[in-house]
2 protein chains.
Amino acid sequence: MRTGEAAVLEAHGIKPSAQRVAIADYVLHTDEHPSADEVWERVKRVFPMVSRATVYNTLNLFVAKGLLRHLVLTEGRLVFDSNVDKHHHFIDEETGKIYDLPWDTLEVSRVEQLKGFDVRDYQVLVRGKKRRTRGAR
Amino acid sequence: MRTGEAAVLEAHGIKPSAQRVAIADYVLHTDEHPSADEVWERVKRVFPMVSRATVYNTLNLFVAKGLLRHLVLTEGRLVFDSNVDKHHHFIDEETGKIYDLPWDTLEVSRVEQLKGFDVRDYQVLVRGKKRRTRGAR
DNA sequence: TCTAAACTTAGACTATGTCTAATGTATGAG
DNA sequence: CTCATACATTAGACATAGTCTAAGTTTAGA
Ligand SMILES: [Mn+2]
Ligand SMILES: [Mn+2]
Ligand SMILES: [Zn+2]
Ligand SMILES: [Zn+2]
């Protein structure tokens, strides 16, 4: 377990129970965009007694407190994103994997001038196939 | 019922049963981005005996034949879009309603130059609140 | 130590979508 | 026209994701 995880939770007004720290320890540090049940599977490895309800409750609590965002991008899965800054997403249509695209790699023009809509937020959703990166990963 | 719906289905290699024509008659002409169960509710008004399985089968068939697209935009609902041309989407966060944004109202720069990704398709997903349009609708 | 609030748990419940087995319908060969 | 066959439809079972509930456990303060 990473040290300091409890402090992060407290700083966001969350009581750091053992279960919550174990969940945070995984979900706040991954870029895998996991679903709730994937988080549950992962957390059970180090905390076998944790219940499904606690994982769902905790993830929803983290979203409410601004530690996570949830995204609806692929069929039948609500996924959680530890990157709470503005960014875009790329979905590999073969693997289903979701990749972050930093905000300034793309630029969207005229979005603030949409007539009849008050824009609160936007992102570009790109689909395709990720190229195999030589060597690494 | 609109005339000519059966011909549209046949042109796409689909046998125009009465159920399929009734489904097409609604879903190919709405801009409401309905879910499958919403299509079922609607079609039952004019075809009370239609089964849920037939509606799901038919919608999936229409997608396979290119008459519809399905979109994953909001939690727990796969919605169907009769607009199969490239376009963006606006989601009203209060009502959940989905609005089409024509392709050329927005412009995305640098999307083809993403390093390491083969882009097949993309869209901008905008969230916010739709302003009340004076008068109409 | 005692109490109350907060948290966790197992499992029931709901909603969306798929699958299956039986029944119904269209079609064309004879 | 008859009937065999393929295709379509149906009701309901099944699968999965997510929420809710009621009971038990932990925590922290008086
Ligand atoms: Mn951390
Ligand atoms: Mn038509
Ligand atoms: Zn992300
Ligand atoms: Zn659309």
Side-chain angles (χ1 to χ4, degrees), chain A residues 5-7 9-10 12-27 33-44 46-65 67-81 96 98, chain B residues 5-6 9-10 12-27 32-44 46-65 67-81 96 98:
Chain A
E5 213 63 50
L9 299 190
E10 282 179 330
H12 284 77
I14 299 169
K15 278 203 206 174
S17 69
Q19 289 90 336
R20 286 170 175 175
V21 170
I23 292 164
D25 203 46
Y26 167 61
V27 79
H33 300 83
S35 68
D37 279 340
E38 284 166 355
V39 174
W40 189 34
E41 285 307 316
R42 184 63 82 104
V43 171
K44 273 192 291 191
V46 297
F47 204 133
M49 288 310 297
V50 72
S51 76
R52 197 159 167 269
T54 293
V55 172
Y56 275 79
N57 287 341
T58 299
L59 291 171
N60 290 338
L61 178 65
F62 286 3
V63 170
K65 297 297 189 179
L67 284 168
L68 285 180
R69 291 166 52 193
H70 59 193
L71 306 174
V72 185
L73 299 182
T74 58
E75 198 161 333
R77 301 196 325 161
L78 183 63
V79 304
F80 293 87
D81 193 340
I98 298 167
Chain B
E5 214 64 51
L9 299 189
E10 282 179 329
H12 284 78
I14 299 168
K15 279 203 205 175
S17 70
Q19 289 89 336
R20 287 170 175 175
V21 170
I23 292 164
D25 203 45
Y26 167 60
V27 80
E32 290 174 352
H33 300 83
S35 68
D37 278 340
E38 284 166 355
V39 174
W40 188 34
E41 285 306 316
R42 184 63 82 105
V43 172
K44 274 193 291 191
V46 297
F47 205 132
M49 289 310 296
V50 72
S51 77
R52 199 160 165 268
T54 292
V55 172
Y56 275 80
N57 288 341
T58 298
L59 291 171
N60 290 337
L61 178 67
F62 286 2
V63 170
K65 297 296 189 180
L67 283 168
L68 284 180
R69 291 167 54 194
H70 57 194
L71 305 174
V72 185
L73 299 181
T74 57
E75 197 163 336
R77 299 194 326 160
L78 183 63
V79 304
F80 294 87
D81 193 341
I98 297 167

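Residue numbers begin at 1 in each chain, while the letters A, B, ... track the order of the sequences.
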Between CH2 of B:Trp40 and C1' of D:dT10 the distance, given in whole Å, is 11 Å
Please lay out, stage by stage, how A:Leu73 and A:His33 fare under the test side-chain contact (heavy atoms from CB on, under 4.5 Å). CA-CA 10 Å; A:Leu73 299 182; A:His33 300 83; 5.9 Å; no
Atom CG of A:Leu59 and atom P of C:dT8 are separated, to the nearest Å, by 12 Å
Considering only heavy side-chain atoms of A:Ala36, the closest of C:dG17, D:dG18, C:dC7 is D:dG18
Of D:dA8, D:dT10, D:dT19, the nucleotide closest to the side chain of B:Val50 is D:dT10
Side chains of A:Val39 and A:Thr58: does their closest heavy-atom pair fall under 4.5 Å? no
To the nearest angstrom, the CG-P distance between B:Asp37 and C:dG17 comes to 6 Å
A:Glu41 atom CD is separated from D:dA17 atom P, nearest whole Å, by 10 Å
Quiz item: With respect to the phosphate group of C:dT9, does any side-chain polar atom (N or O) of A:Thr54 fall under 4.0 Å of OP1 or OP2?
Solution: yes
Taking D:dC7, D:dG18, D:dA11 as options, the one with an atom nearest any side-chain atom of B:Lys15 is D:dC7
Of C:dA10, C:dG17, D:dA17, the nucleotide closest to the side chain of B:Leu78 is C:dG17
Of the listed C:dT8, C:dT9, D:dA11, the closest approach to the A:Ala53 side chain comes from C:dT9
Whole-Å distance, B:Ile14 CD1 to C:dA26 P, equals 18 Å
Quiz item: Does A:Arg52 put a side-chain nitrogen or oxygen below 4.0 Å from OP1 or OP2 of C:dT8?
Solution: no
Here the distance between atom P of D:dT10 and atom CZ of B:Phe47, to the nearest Å, is 6 Å
Need one value for A:Ser17: base, sugar-phosphate or nothing, where a base atom within 4.0 Å counts as base even if backbone is also close, heavy atoms only. sugar-phosphate
Looking at B:Gln19, does any N or O in its side chain come under 4.0 Å of the phosphate oxygens OP1/OP2 on D:dT10?
yes
(message) Does C:dG17 have its OP1 or OP2 closer than 4.0 Å to a side-chain nitrogen or oxygen of B:Tyr56?
(response) yes
Item checked: Side-chain donor/acceptor of A:Trp40 to backbone N/O of A:Tyr56, under 3.5 Å -> no
| query | Should A:Asp37 and A:Arg77 count as an ion pair when the cut-off is N to O under 4.0 Å? | reply | no
When rounded to whole Å, the CG to C1' distance for the pair B:Asn60 and D:dT9 reads 15 Å
task: Ignoring hydrogens and angles, state whether a donor on the side chain of B:Tyr26 or B:Glu38 is under 3.5 Å from an acceptor on the partner side chain.
output: no
Here the distance between atom C1' of D:dA15 and atom CZ of A:Arg77, to the nearest Å, is 17 Å
Under-4.0 Å side-chain N/O to phosphate OP1/OP2 contact, B:Asn57 with D:dT10: no
